[in-house]
Student: 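Take this structure, written in structure tokens, and hold onto it; I'll ask about it next.
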Amino acid sequence: MRCFGAALGTLLACLVVGLILTPVARRWHMPFAAIGFASVVSMMPGVLLFRMASGLVQIADRAQASLDLINATIADGMSAVILILAMSLGLITPKVVIDALSERSTPAKS
């Protein structure tokens, strides 16, 4: 439950970034993926991924891993996945919507 507040914040922040960067990328003829990733890379859940990796190493190292360790490892991994999905969805949704709307408003050339 602790990651849903962070995931919602990440989603909203990435939506704002996507809304701002889509017209900027079009105007300056820059690749959206490059400037978009550079804008949100600091939100990557590195601590959660490292804690998950540490938990996996500890589980592999022990013959009898504790239930608390397994729980914490799964929770950290799932939190990281949810945050990364929120980032992806928040960053790409405005681009897809703006691109679709601009294609509709542009008359077709024959």
Side-chain angles (χ1 to χ4, degrees):
M1 282 308 241
R2 66 178 179 189
C3 76
F4 288 119
L8 184 60
T10 301
L11 176 69
L12 291 176
C14 287
L15 280 170
V16 170
V17 168
L19 282 171
I20 293 170
L21 286 184
T22 299
V24 169
R26 285 173 160 244
R27 173 91 173 151
W28 291 346
H29 304 288
M30 296 176 69
F32 176 80
I35 60 174
F37 178 75
S39 300
V40 300
V41 72
S42 63
M43 287 189 268
M44 286 297 287
V47 170
L48 294 172
L49 292 171
F50 280 119
R51 285 195 326 213
M52 181 197 67
S54 172
L56 289 174
V57 169
Q58 290 175 25
I59 290 169
D61 194 37
R62 297 181 187 171
Q64 292 282 336
S66 71
L67 193 56
D68 288 337
L69 176 61
I70 294 170
N71 253 355
T73 302
I74 291 172
D76 289 337
M78 290 306 297
S79 296
V81 166
I82 289 169
L83 286 170
I84 291 169
L85 288 174
M87 286 175 62
S88 302
L89 183 67
L91 194 59
I92 200 66
T93 300
K95 173 148 178 57
V96 170
V97 170
I98 290 171
D99 286 350
L101 290 175
S102 70
E103 285 179 13
R104 255 190 214 174
S105 65
T106 308
K109 294 180 182 179
S110 48

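Here the structure is a predicted model, which means the values were calculated and not measured.
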Student: Quick one: list whatever passes side-chain hydrogen bond (donor to acceptor under 3.5 Å, both in side chains) with Ser54, sequence neighbours left out.
Tutor: Gln58
Student: Given the rule that I, L, V, M, F, W and Y join up when any side-chain heavy atoms are under 4.5 Å apart, are Val47 and Met44 in one cluster?
Tutor: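 No: no chain of side-chain contacts under 4.5 Å links Val47 to Met44.
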Student: Can you list, pair by pair, the side-chain donor-acceptor contacts under 3.5 Å of residues 64-75, counting residues two or more places apart and other chains?
Tutor:
| residue | atom | partner | partner atom | Å |
| --- | --- | --- | --- | --- |
| Ser66 | OG | Leu69 | N | 3.1 |
| Thr73 | OG1 | Leu69 | O | 2.8 |

Student: Which hydrophobic side chains are connected to Val81, either touching it within the sub-4.5 Å cutoff or through other members that do?
Tutor: Leu85
Student: For Leu49 and Ala80, which heavy atoms make the closest approach, and how far apart are they?
Tutor: CD2-CB, 3.5 Å
Student: Can you name the nearest heavy-atom pair linking Ala7 to Ala86, along with the distance?
Tutor: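 Closest approach of Ala7 to Ala86, heavy atoms only: O-CB, 3.6 Å.
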Student: According to side chain to side chain contact (heavy atoms under 4.5 Å, CB included), who are the partners of Val97, at least two apart in sequence or on a separate chain?
Tutor: Thr93, Leu101
Student: Let me check something: do Phe50 and Ile82 share a hydrophobic cluster, defined by ILVMFWY side-chain heavy atoms less than 4.5 Å apart, either directly or through other members?
Tutor: no
Student: Do Met43 and Ile84 land in one hydrophobic cluster if side-chain heavy atoms of ILVMFWY residues count as linked below 4.5 Å?
Tutor: yes
Student: So which pairs with a foot in residues 11-20 pass salt bridge (Lys or Arg N to Asp or Glu O under 4.0 Å), sequence neighbours left out?
Tutor: none
Student: Would you give me the side-chain donor-acceptor pairs under 3.5 Å for residues 13-41, sequence neighbours excluded?
Tutor:
| residue | atom | partner | partner atom | Å |
| --- | --- | --- | --- | --- |
| Thr22 | OG1 | Gly18 | O | 2.7 |
| Arg26 | NE | Asp99 | OD1 | 3.2 |
| Arg26 | NH1 | Ser102 | OG | 3.3 |
| Arg26 | NH2 | Asp99 | OD1 | 2.7 |
| Arg26 | NH2 | Ser102 | OG | 2.9 |
| Ser39 | OG | Ile35 | O | 2.7 |

